[in-house]
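Heads up: numbering here begins at 1 and tracks the sequence.
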Amino acid sequence: MMQIKKLFSLLSLIDLGLSAVPASAANDPVKINVLILPAFEVGTMDDDFVGEAQLYYQKYMIGADVYPITADPYGSNLYVQNGVGLYLMGQGKVSAAVNLTALLTDKRFDFSDAYFIVSGCAGSSADSSVAGDVFLVSSVVDCDLGHHADIREMSSESCTVWFPIEDYRDISCFTLNESLVEKAWKLVKDIPAETTDSARACMARNFDNAAWAVRDPKVYRGTAVAGDNYWKGIYAHNTAKQITEYYHCLDPYAVTDMEDSAAALVLHKFGMLDRLLIFRASVNMDVFLDGETPETAWNDSKLLVSADGFDGFTDIFEVAMENEFRAVGTIVDAILTGSF
């Protein structure tokens, strides 16, 4: 059994035995056609456990040039091969914003025509999705921008604990380029997605064999609700739906993540938002499973991805990443062949 590995140890530079390319190696900026942006990897990108970046590394980056991004406080590298770039943004909105800005302002690279693809794991809406679903994100909202109340201080039993601040609208909700999303959707909507027996059983027992919970996973479209904390529970689930409805997002709330709104904001500031695509694969639900509570789930202060499972699921993480990889890889290959 593989030992459990902490995610937050993954932000440090991973030595893959590749030599870095000095800044003076090229006379002209390196042209990037498509930049793949996971948040983290588990272990190394060539070991036996698949994280968010490994499948892309193994297909596109063997023998790649490696550029240390010195302005990145975490010391991440940009890997470049045949016009494809791979870069770990780091976990959370702050890390993602700082690191992506450091990369985009690096004069060694030319992103003027690049497509940007954020790709990673997510929790997903417990009233419609199943573990293993892949979502092409059409809108991104920041769930932290607004007033948040503690349910214990509410004057009624309402589950509404979020109150919007309209002045934040321009930086808290982004609709991605509709024509670009539609073009990507036509390529990925019929790509098959898989699950595992244990994930299917987990969904069945936690949601009383509801039809939506026991179906096969698929590729869908949806809205991503990004926060700088790993939230979970029915109140937060309802808040995510409320936020999505408040901003009149194109598609219903589907996934929760920790980087998407930051990536969208940075690319908006650089005038590149129209070239952003976001894919998220569901590896867990946004509510507690199997009778867990915040105290039982989080008392050890660990955030883990391992071969032993993730939040009630066993063996779904790698399968979900493979589902997403098939979708994202289809887009990347189409970009490289000029058919996108």
Side-chain angles (χ1 to χ4, degrees), residues 10-11 29-41 52-53 56 67-80 83-122 135-146 165 167-178 180-181 184 223-229 243 247 249 255-280 328 331-332 335:
L10 306 174
L11 295 177
V30 177
K31 184 77 171 179
I32 306 297
N33 297 320
V34 54
L35 178 64
I36 305 170
L37 294 165
F40 67 88
E41 181 50 42
E52 288 190 339
Y56 302 112
Y67 298 88
I69 308 303
T70 55
D72 178 342
Y74 291 103
S76 292
N77 290 330
L78 172 66
Y79 302 92
V80 181
V84 181
L86 178 65
Y87 182 66
L88 299 182
M89 290 191 296
Q91 291 170 279
K93 291 184 294 181
V94 174
S95 292
V98 170
N99 296 338
L100 184 55
T101 298
L103 178 61
L104 294 179
T105 54
D106 194 315
K107 300 301 183 183
R108 292 175 294 172
F109 311 109
D110 178 3
F111 296 104
S112 59
D113 298 312
Y115 291 97
F116 302 88
I117 304 180
V118 172
S119 172
C121 65
F135 290 92
L136 172 60
V137 173
S138 55
S139 299
V140 177
V141 295
D142 187 331
C143 71
D144 293 318
L145 290 175
I165 300 175
D167 288 349
Y168 289 163
R169 177 179 287 272
D170 290 344
I171 60 171
S172 59
C173 179
F174 294 96
T175 298
L176 303 191
N177 184 331
E178 293 184 49
L180 185 69
V181 170
T223 293
V225 176
D228 238 337
N229 65 90
I243 294 172
Y247 288 119
C249 295
V255 292
T256 172
D257 73 275
M258 300 176 71
E259 297 84 27
D260 290 356
S261 62
L265 178 60
V266 169
L267 290 171
H268 171 67
K269 294 293 187 182
F270 280 88
M272 300 175 177
L273 181 61
D274 62 329
R275 289 181 267 130
L276 172 63
L277 292 170
I278 299 174
F279 286 85
R280 289 286 175 180
V328 174
I331 302 299
V332 172
I335 292 171

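Contact of the L176 side chain with the I278 side chain is registered, since non-hydrogen atoms from C-beta on lie closer than 4.5 Å. Looking only at side-chain heavy atoms (C-beta outward), D257 and F135 stay at 4.5 Å or farther from each other. For the pair T256/C143, no side-chain contact is recorded, criterion being any heavy-atom separation below 4.5 Å from C-beta on. For the pair D142 and V225, the minimum side-chain heavy-atom distance is 4.5 Å or more. The side-chain heavy atoms of F116 and L267, taken from C-beta on, include a pair separated by under 4.5 Å. Put simply, the side chain of F40 does not reach to within 4.5 Å of the side chain of S95, judged on heavy atoms. Side-chain atoms of R108 and I69, non-hydrogen and from C-beta on, do get closer than 4.5 Å to each other. Proximity of L37 to S119: side-chain heavy atoms (C-beta onward) are nowhere separated by under 4.5 Å.
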Practice problem: Step by step, work out the side chain to side chain donor-acceptor pair (under 3.5 Å) result for Y87 and N77. | Solution: CA-CA 6 Å; Y87 182 66; N77 290 330; over 6 Å; no

Practice problem: Start with the C-alpha gap between I117 and V34, add the side-chain angles, then the distance that decides, and say whether side chain to side chain contact (heavy atoms under 4.5 Å, CB included) holds. | Solution: CA-CA 7 Å; I117 304 180; V34 54; 3.9 Å; yes

Exercise. Could you go through the side chain to side chain contact (heavy atoms under 4.5 Å, CB included) check for L276 and L273 one step at a time?
Key: CA-CA 5 Å; L276 172 63; L273 181 61; 3.8 Å; yes

Exercise. Report the C-alpha distance between C173 and C249 in whole Å, list the side-chain angles of each, state the deciding distance to 0.1 Å, and finish with yes or no for side chain to side chain contact (heavy atoms under 4.5 Å, CB included).
Key: CA-CA 8 Å; C173 179; C249 295; 4.2 Å; yes

Exercise. Could you walk me through whether V118 and E259 pass side chain to side chain contact (heavy atoms under 4.5 Å, CB included), step by step?
Key: CA-CA 9 Å; V118 172; E259 297 84 27; 5.5 Å; no

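Environment of OH in Y168: sparse, with no more than 12 heavy atoms of neighbouring residues, nucleotides or ligands closer than 6.0 Å.
Between the side chain of N99 and the backbone N or O of S76, no donor-acceptor pair lies under 3.5 Å. The main-chain N or O of D274 is found under 3.5 Å from a side-chain atom of N177 such that the two form a donor-acceptor pair. Between the side chain of E52 and the backbone N or O of C121, at least one donor-acceptor pair lies under 3.5 Å.
For F279, the ring-ring contact (aromatic ring centres under 6.0 Å, His included) test picks out no residue, with sequence neighbours left out.
If you check the side chains of T101 and K269, you find no donor sitting under 3.5 Å from an acceptor. Side chains of T175 and Y247: no donor on one and acceptor on the other come within 3.5 Å.
From M89, atom CE reaches atom CD1 of I36 across 12.0 Å, with rounding to the nearest 0.5 Å. Note that CG of D72 and CG of L88 are 9.5 Å apart. Values are rounded to the nearest 0.5 Å. Separating the OG1 atom in T223 from the CZ atom in R280 is a distance of 13.5 Å, to the nearest 0.5 Å. In this structure, CG on L180 lies 8.5 Å from CD1 on I331, to the nearest 0.5 angstrom. Remark: F270 CZ to L265 CG distance equals 10.5 Å, nearest 0.5 Å. Taking CD1 of I171 as the reference point, atom CG of D167 lies at 9.5 Å (rounded to 0.5 Å).
Salt-bridge check for D113 with R275: failed, with every basic side-chain N at 4.0 Å or more from each acidic carboxylate O. Ion pairing between a basic and an acidic side chain is recognised when a charged N comes within 4.0 Å of a carboxylate O; K93 and D144 show such pairing.
The two residues F111 and L104 have their closest heavy-atom pair at CD1-CD2, 3.8 Å. Of all the heavy atoms in A263 and L100, the pair that sits closest is CA-CD2, 4.0 Å.
The aromatic ring centres of Y67 and F109 sit less than 6.0 Å apart.
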